[in-house]
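For reference, positions follow the sequence shown, starting with 1.
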Amino acid sequence: MSETQLRKEIGNFLTVVDERMLACVHAMLKNYVESEPPKVAFPTNLNPFATADFFDLFEKTQRITSKGKSKSAKDDMSDIPF
């Protein structure tokens with residue numbers, strides 16, 4: 001193969017790779033934009049955690065309190081990372 005033919009073939013390869021890469025990046029960005037970002041809570045100690053985890057802890061505390069098994073608010077909230 002001549003140098004001109006090699007350059008042309010390499011150019012064709014790069015075009016195909018570029019098109020595939022653009023399609024891949026497009027798909028990833030589209031998925032990212034359309035997906036709902038995870039909800040994160042930032043308590044006062046600045047250690048982030050998922051909002052779902054907070055609600056789990058809240059429900060646990062609510063169950064303990066409603067059963068009359070709590071000793072104090074401090075004990076009830078001891079599992080919450082604030």
Side-chain angles (χ1 to χ4, degrees):
M1 257 186 188
S2 70
E3 183 180 343
T4 306
Q5 290 171 322
L6 288 172
R7 287 181 186 272
K8 183 177 180 182
E9 191 169 344
I10 289 172
N12 290 338
F13 289 153
L14 291 175
T15 300
V16 170
V17 169
D18 187 44
E19 289 172 0
R20 289 180 184 168
M21 182 59 99
L22 285 174
C24 179
V25 170
H26 176 266
M28 288 188 310
L29 287 173
K30 183 179 178 185
N31 185 40
Y32 178 77
V33 169
E34 291 175 354
S35 66
E36 184 176 327
K39 293 177 174 56
V40 177
F42 290 90
T44 55
N45 68 4
L46 300 179
N47 292 329
F49 61 94
T51 305
D53 294 340
F54 174 80
F55 286 113
D56 290 344
L57 290 169
F58 177 77
E59 288 173 1
K60 176 183 172 188
T61 302
Q62 194 174 27
R63 283 192 304 272
I64 291 170
T65 305
S66 67
K67 292 179 182 177
K69 294 183 178 181
S70 63
K71 296 176 184 174
S72 69
K74 186 176 180 180
D75 290 339
D76 291 345
M77 298 183 70
S78 64
D79 290 336
I80 299 176
F82 284 99

Fellow cluster residues of Met1, listed by chain then number, with links counted only when side-chain atoms sit under 4.5 Å apart: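 For the cluster that includes Met1, the remaining residues are Leu6.
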Leu14: which other cluster members, linking ILVMFWY side chains closer than 4.5 Å, directly or transitively?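 The other cluster members (ILVMFWY side chains, heavy atoms under 4.5 Å, direct or chained) are Ile10.
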Taking only residues two or more places apart in sequence, or in another chain, which ones meet Ser2 in a side-chain contact (heavy atoms from CB on, under 4.5 Å)?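 So Ser2 forms a side-chain contact (heavy atoms from CB on, under 4.5 Å) with Thr4, Gln5.
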Quick check: is Val25 connected to Val17 through a chain of hydrophobic side chains (ILVMFWY, heavy atoms under 4.5 Å apart)?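 Different hydrophobic clusters.
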Name all pairs fulfilling the side chain to side chain donor-acceptor pair (under 3.5 Å) condition that reach into residues 7-27, sequence neighbours left out, sorted by first residue then second.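 Matches after skipping sequence neighbours: Glu3-Arg7.
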